[in-house]
*Asks:* 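Pasting in a structure now, in structure tokens, and then I'll have a few things to ask.
Each chain gets a letter, A, B and so on, in the order the sequences are listed, and its residues count up from 1.
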Amino acid sequence: MADWDPSKPILEIENLSISFFTRLREIPAVMDFSCTVMPGEAMGLVGESGCGKSTVALAVMRDLGKNGKIVAGSIKFKGRDLTNMSEDALRSIRGSEIAMIYQEPMASLNPAMRVGDQLAEVPMIHQNMSRTEALKLARQIVADVRLPDPDRILQAYPHQLSGGQQQRIVIAMALMAKPALLILDEPTTALDVTVEAGIVDLVKELGAKYGTSMLFISHNLGLILDVCDRLCVMYSGEAVETGNVEEVFDNMRHPYTQALFRSIPLPGADKNASPLIAIPGNFPLPHERPKGCNFGPRCDYFKEGLCNKGDISMSAVPDDDRHASRCERWQEIDWAAPPAKRKAVAKTPIGPVVLKLDDLKKYYSVSSGAFGGGASKVVKANETLSFEAHEGETLAIVGESGCGKSTFAKVLMGLETATSGQIMLFDENVQDTPIQARNVDTVSSLQMVFQNPFDTLNPSMSVGRQIIRALEVFNIGTSDADREARMLELLDLVKLPRAFAERMPRQLSGGQKQRVGIARAFAGGAKIVVADEPVSALDVSVQAAVTDLLMEIQRKNKTTLLFISHDLSIVRYLSDRVMVMYLGHVVELGTTDQVFSPPYHPYTEALLSAVPIADTRVVKRRIVLEGDIPSAMNPPSGCPFQTRCRWKSEVPNGLCDREVPPVKVMAGGHQIKCHLDDTILNTMEPVIKIAAE
Amino acid sequence: MYLFLLRRVGLMLLTALSLSFIVFCLTNLAPNLEKLARTEGSVRMTDDDVANWVIQNGHGGSMVSRYGEWLGVVPGWVLTDEKGVTRGRCLQGGLTVESAPRFCGIFQGNWGTSTVFREPVLKTVTNKLAATGWLMFWVMMVMVPTALVLGVLSGMREGSRTDRVLSTFAIASTATPEYVSGVILIAFLGSATAGISPVLSSWGWIEGRTLFQGTATSAMDKITFWNFALPVITIALYGIGYIARMTRASMTEVMTQQYIRTARLKGVSFRQIIIKHALRNALIAPFTVIMLQFPWLLNGVVIVETLFNYKGFGWTLVQAAGNNDIQLLLGCSVVAVFVVLITQLISDIGYVFLNPRIRLS
Amino acid sequence: MDTLSWPMIFGKMAIQFTPVWIALLVTFALSIQFKRRLGLYGKLFDSTVGMAGFALVAFWVFTAIFADLIITYDPLGQLSGMKNAVPGSPTTGVENAWYLLGGDHLARDVFSRMVMGARRVLAIAPAATIIAFMVGITLGLPAGYFGGKLDTALSFIANLVLAFPVILLFYLLVTPEIRVTGIPVALAAILFLFPVVFVCVLLNSRFFTSPPKRNLYVGTAAILGLWAYSGLAFNADPTGFWSMDPNLLNVFVSVVFVNAPTVFRIVRGMVMDLKARDYVAAGQTRGEGAWYIMLWEILPNARGPLIVDFCLRIGYTTILLGTLGFFGLGVSPESPDWGSTIDDGRRLLSIYPHPAVVPALALMSLVLGLNLLADGLREESLRD
């Protein structure tokens with residue numbers, strides 16, 4: 001590749017079309033896709049699931065599987081066309097010139113091979129390096145990705161590492177041969193936010209250090225803003241807008257991009273004053289794409305006879321840096337106009353206390369050791385949980401994996417009983433009452449919405465039947481016909497067509513399934529609903545719609561919503577009060593404004609800093625936590641957060657190592673569980689600032 | 001780790017005890033004992049005589065105490081009948097009440113006497129086991145490598161022509177139990193009137209009348225390819241299909257894993273992917289399957305030894321069961337159960353050792 | 001008259017099988033016509049392997065149904081002079097009649113015995129497999145769902161049975177002596193109770209919200225179930241509609257006994273996997289009973305692998321029945337059962353192979369069909 005000119009693009013994709021061939025038909029996955037990546041540049045590919053972004057990445061690696069074929073176009077890497085390269089030539093490029101990082105770090109490492117061997121393999125193949133040399137290099141790179149104790153790590157098997165460490169190994173593996181192009185396919189989606197922040201920083205830093213170009217695939221606009229120089233927005237197999245990150249974020253020239261930004265909760269969005277605007281309709285299936293513009297049927301600016309006439313090609317936006325849009329009308333649209341459909345609603349009044357937890361504890365005893373023997377250990381899943389929830393209020397419970405929020409939900413629902421403490425539900429103590437012993441009224445008024453839309457409905461029962469079953473169990477309706485009618489009303493409530501009653505869950509999209517799940521939860525007129533990450537598995541445009549639906553039902557029924565989430569953007573948007581949990585402890589509790597502004601608990605501070613925000617005006621202080629979340633099986637002594645806390649040195653006498661901090665009540669009932677002195681807490685600066693315009 | 005081993009072995013011994021007790025009960029059922037009385041005593045005994053004989057020969061106590069005596073943890077019975085003849089469990093080979101040991105069960109090496117072979121059960125069982133050992137050895141030598149190779153070859157490229165051909169073969173062979181394949185093999189290769197032997201014989205290509213021998217009786221003295229091939233293939237065939245299918249399933253699953261894609265996108269060649277990345281992960285599951293095949297292999301052994309008249313362990317089991325030889329059947333059962341349990345133990349431990357995910361967590 | 005040539009033999013056999021061909025043709029024509037509306041069964045007709053398997057299985061099923069029309073001679077009748085007759089031999093004394101596949105050592109028609117053998121196998125194998133599944137499911141569901149001590153105890157028992165080499169178990173369980181002790185009846189009493197309990201619990205958990213409906217359904221199921229139960233297990237059906245030959249009961253019970261633990265293990269494993277799903281949690285949070293969740297939320301979603309295993313297991317049961325016949329256990333010597341016919345034929349195997357080879361091939365083709373069917377189903381259920 002000596003004849004490649006470094007001032008030319010490193011990757012040049014032109015009019016690429018990819019199809020998958022099934023028994024029945026050809027399914028076009030990517031159509032007429034073009035993009036260029038210059039040396040040292042980070043290119044972002046963004047879009048919702050099914051838009052074809054991962055397919056593009058796999059096409060660059062020429063790894064589309066048996067059914068996938070490149071049907072048109074070219075992919076030039078350093079001037080050489082990859083689409084007609086031989087298997088051998090491809091192999092010499094894979095891993096050495098182009099490397100890839102994947103979504104699931106655990107799955108992408110060989111479970112039966114030591115980490116060191118997996119790393120050393122790369123230079124041994126591509127540079128004929130000896131094993132000892134290769135291991136030495138591996139050790140150096142492992143230190144580069146900032147993993148502690150590289151020698152131990154090289155000897156370890158993948159399952160002995162945490163998720164964050166595994167992803168660092170995958171990154172190290174990609175960097176072993178110092179590739180010219182790095183493809184990252186949702187590299188942090190499976191990780192917790194605070195761990196994600198560390199990985200993102202690492203990727204940016206190493207990219208700069210080695211001068212590697214990057215193709216960064218993500219559904220998260222905030223991450224793209226963080227990492228990339230340029231981006232390409234994809235919709236239903238096509239690139240719809242491409243350009244410089246700042247330009248696209250601030251002066252978008254495609255209706256889809258605009259709709260996308262209006263549907264994500266950015267700082268300043270508010271559920272009452274300026275609610276999110278969901279994109280109407282559904283993502284078209286590959287074989288049901290409309291004629292003309294794919295986004296046409298969902299677009300506010302759709303014009304009959306123009307947008308659905310024929311194929312639309314990319315047109316350049318003049319004066320901008322390689323900015324282009326696939327829209328017929330981009331020049332006519334007034335991009336600065338405020339959205340027409342946004343309507344403010346009145347704030348729901350907060351009612352009396354309906355749920356009160358007092359000093360709730362939940363311990364499990366588990367036997368340690370893989371072989372079932374050994375002494376049993378006590379896992380403290382919930383420690384001294386105390387809070388109140390009012391009628392019509394949204395209380396957010398925030399925390400990363402292992403923080404005990406799911407255990408709390410189980411205890412509240414009665415699937416487990418509490419170890420000690422009290423749960424006062426309406427005016428009944430339920431901490432010791434398992435769900436079988438609760439009466440139907442209690443059960444039907446406390447319901448749950450689940451996280452995974454693909455799991456929440458029984459795949460072998462029709463949608464209507466599942467809702468009717470809930471009605472039957474809750475003793476609602478007197479006859480079958482009665483319940484049938486009630487079920488149809490519930491479908492209306494969640495804005496699904498009545499015809500869906502006959503459908504099986506597999507015929508529904510993720511968002512639609514989640515709506516059915518909500519309808520089922522409200523079947524018995526639930527007064528308190530625990531929503532366990534109800535939108536985290538959905539695409540951004542659908543998230544807004546489902547969130548809105550929840551809010552609307554809440555307003556109508558004065559429901560108390562316990563919203564469990566790790567996504568602080570959405571929490572800030574919809575909650576009235578926020579409770580932050582870490583390793584079974586409530587570390588901070590207050591109104592949304594109190595929690596999102598200083599003084600913070602050190603963990604909340606880091607969490608706020610870690611959340612990527614898709615707004616160019618936001619200036620963040622970068623606080624990256626070291627290490628991983630400790631295991632709940634083996635929590636640190638003293639303060640649960642002390643192992644990662646950056647303020648620990650401010651507390652004298654090693655108090656953090658020894659004692660669990662007391663709850664400190666600040667102004668306005670704001671609670672913080674920290675040893676830090678008030679004076680230090682009060683000097684904390686805001687993490688997020690919106691730059692003056 | 002040692003704790004795990006200990007628990008596993010403990011569980012195995014508990015299982016062995018329960019199983020041997022069940023077998024003991026089932027072989028010592030009242031009708032069996034009555035039948036024994038009539039064959040050992042006289043066919044014309046009255047019902048009272050039979051009952052008396054049963055009691056006088058130590059089969060009178062409770063099932064549990066007799067089981068204890070048989071195990072050797074309860075003192076053996078000693079009874080004197082109305083004629084003044086003293087008999088006892090331990091009073092064999094001219095021992096008197098005084099000189100005989102108190103305990104004489106299988107723990108002391110006394111497995112009883114076979115009524116069919118008129119010799120100690122332990123001796124019969126060990127002799128026959130040795131003969132069967134050879135059969136099993138050759139079966140394993142043929143079956144395991146063939147099955148693994150077939151499975152890996154068909155699993156590494158799912159849906160390819162090789163895969164289809166090999167999979168069809170594997171399915172066909174799992175559909176052919178030993179008594180079917182044995183019959184077909186004998187008819188085709190070992191019959192003087194059908195199959196290929198008459199043709200070969202008329203061409204003068206083979207000396208005898210058949211290519212392979214339809215019985216394996218002569219293999220008791222000297223194992224040759226011609227007398228042993230058919231029984232070995234008959235047993236191996238069924239196992240080959242089953243293990244090959246397991247290996248294929250495991251291999252195809254591994255080949256779709258992300259880490260195989262990682263390896264491919266690292267630039268590892270297909271050969272190396274198979275050898276370095278796929279094989280180890282893919283062979284964990286078949287290993288357990290091979291070990292758990294032993295109960296079925298025992299089945300095959302019984303059928304094949306009967307079919308080919310090879311006087312090994314399986315043949316003995318059939319003889320014992322067919323002739324109401326209680327002690328011998330009991331002995332054979334205990335050995336069979338132990339073989340199965342030990343292979344299960346090996347399979348469990350091997351699985352843990354092969355799988356670093358479990359070993360090190 | 002001359003002995004028939006092989007093409008003639010096959011031609012004549014094909015004519016005998018006419019009812020089977022017609023039935024097969026109708027089944028295939030209808031199934032392919034409506035395959036898009038028939039769910040998993042319809043999808044089977046998209047796969048060559050599945051269709052081949054289905055064709056083989058359907059062939060034997062129809063053969064069993066129309067056996068009386070197909071046979072050329074009484075399967076138990078002996079004709080003088082036909083002892084060990086080679087295939088295609090003309091029968092002595094009658095014009096235009098042949099022993100199409102020859103005669104056995106007792107001068108019976110091998111072809112007719114093979115056809116009748118199919119009826120015997122297909123009468124027992126599927127029924128025994130169904131009962132084994134009911135037992136395995138009824139025990140596997142709670143073991144996997146609740147775990148704990150119940151699981152430990154049930155798994156221990158299942159492993160006990162599985163540690164027995166099957167043949168040994170048969171030699172211990174299927175003997176004339178054991179019938180005297182009443183153990184088979186006791187086992188039948190336990191095993192046959194499971195289907196009744198299964199159906200009753202299934203209906204009760206679904207309809208307990210509406211007592212009139214529940215009483216009707218559960219009552220009907222219980223009465224019908226106990227009626228059949230009394231007849232099959234104890235031979236005490238007053239109307240005599242349900243009854244089972246003690247020999248057959250013994251065979252039936254032991255085959256169920258051997259199969260149930262494996263089904264138990266499969267079900268238990270799948271329940272442990274499926275019980276972590278959100279829809280199970282949704283059922284729990286609305287206060288559903290454990291049996292409703294197990295039977296209506298978990299079990300239907302485990303049906304794919306269970307159907308596949310069901311096909312395989314019928315094949316396995318067929319092999320087991322053959323094994324029993326081969327060792328002469330639990331069958332009357334006259335019976336045209338494939339296993340015992342092979343056993344009869346093997347004595348003269350190297351001189352007259354046909355009496356053993358014919359039932360051997362028949363058994364192999366049925367099991368092959370079932371395995372192919374299972375494979376086709378597995379492939380199609382994994383697709384899309």
*Asks:* Go through the atoms of A:I125 and report whether side chain, backbone, both or neither lie under 4.5 Å from a heavy atom of chain B.
*Replies:*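 Just its side chain gets close to chain B.
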*Asks:* I'd like to know which of A:R94, A:R62, A:M113 tops the heavy-atom pair count under 4.5 Å against chain B.
*Replies:* A:R94
*Asks:* Using non-hydrogen atoms and a 4.5 Å limit, figure out which bit of A:E87 sits close to chain B: side chain, backbone, both or neither.
*Replies:*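 Interface part for A:E87: neither.
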*Asks:* Do other residues, nucleotides or ligands put more than 12 heavy atoms under 6.0 Å from the CE atom of B:M63?
*Replies:*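 Count over threshold, so yes.
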*Asks:* Could you note down all residue pairs passing salt bridge (charged side-chain N to carboxylate O under 4.0 Å, His left out) where residues 116-127 of chain A supplies at least one of them, sequence neighbours left out?
*Replies:* A:D117-A:R131, A:E121-B:K266, A:E121-B:K276
*Asks:* With a 6.0 Å cut-off (strictly less than), is the heavy-atom count around CZ of B:R157, excluding the residue itself, greater than 12?
*Replies:*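 12 or below, so no.
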*Asks:* Applying salt bridge (Lys or Arg N to Asp or Glu O under 4.0 Å), name anything that partners B:R264, two or more places apart in sequence or on another chain.
*Replies:* A:D63
*Asks:* To the nearest 0.5 Å, what is the distance between CE on A:M100 and CG on B:L265?
*Replies:* 6.5 Å
*Asks:* Select one option (side chain, backbone, both, neither) describing which atoms of A:A99 are under 4.5 Å from chain B's heavy atoms.
*Replies:* neither
*Asks:* With a 4.5 Å cut-off on heavy-atom pairs, point out which of A:V122, A:L109, A:V170 contacts chain B the most.
*Replies:*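 Of the options given, most contacts go to A:L109.
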*Asks:* A:M124 versus chain B, heavy atoms under 4.5 Å apart: side chain, backbone, both or neither?
*Replies:*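 No part of it gets close to chain B.
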*Asks:* Quick one, B:R261 with A:S108, criterion side chain to side chain contact (heavy atoms under 4.5 Å, CB included). Give me CA distance, side-chain angles, the key distance, then yes/no.
*Replies:* CA-CA 8 Å; B:R261 192 171 79 180; A:S108 46; over 6 Å; no
*Asks:* Heavy-atom count check: over 12 atoms from other residues, nucleotides or ligands less than 6.0 Å from A:K178 NZ?
*Replies:* yes
*Asks:* Side chain to side chain contact (heavy atoms under 4.5 Å, CB included) for B:T262 and A:M173? Distances and angles first, verdict last.
*Replies:* CA-CA 10 Å; B:T262 312; A:M173 189 147 69; 3.5 Å; yes
*Asks:* Mind checking whether B:N281 and A:N110 have side chains closer than 4.5 Å, heavy atoms only?
*Replies:*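 Heavy-atom side-chain distance check passes, below 4.5 Å.
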*Asks:* Would you please go through residues 242-260 of chain B and name the residues with a non-hydrogen atom below 4.5 Å from one of chain A, in numerical order?
*Replies:*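 If one takes a 4.5 Å heavy-atom cut-off, the residues of residues 242-260 of chain B near chain A are B:Q258, B:Y259.
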*Asks:* Mind checking what makes ring pair (Phe, Tyr, Trp, His ring centres under 6.0 Å) contact with B:Y238, not counting sequence neighbours?
*Replies:* B:W296
*Asks:* Decide if atom CZ of B:F21 counts as having more than 12 heavy atoms of other residues, nucleotides or ligands within a radius under 6.0 Å.
*Replies:* yes
*Asks:* Can you tell which part of A:L58 gets under 4.5 Å to a heavy atom of chain B, answering side chain, backbone, both or neither?
*Replies:* side chain
*Asks:* Tell me, side chain or backbone of A:M61 under 4.5 Å from chain B's heavy atoms, or both, or neither?
*Replies:*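 Both backbone and side chain.
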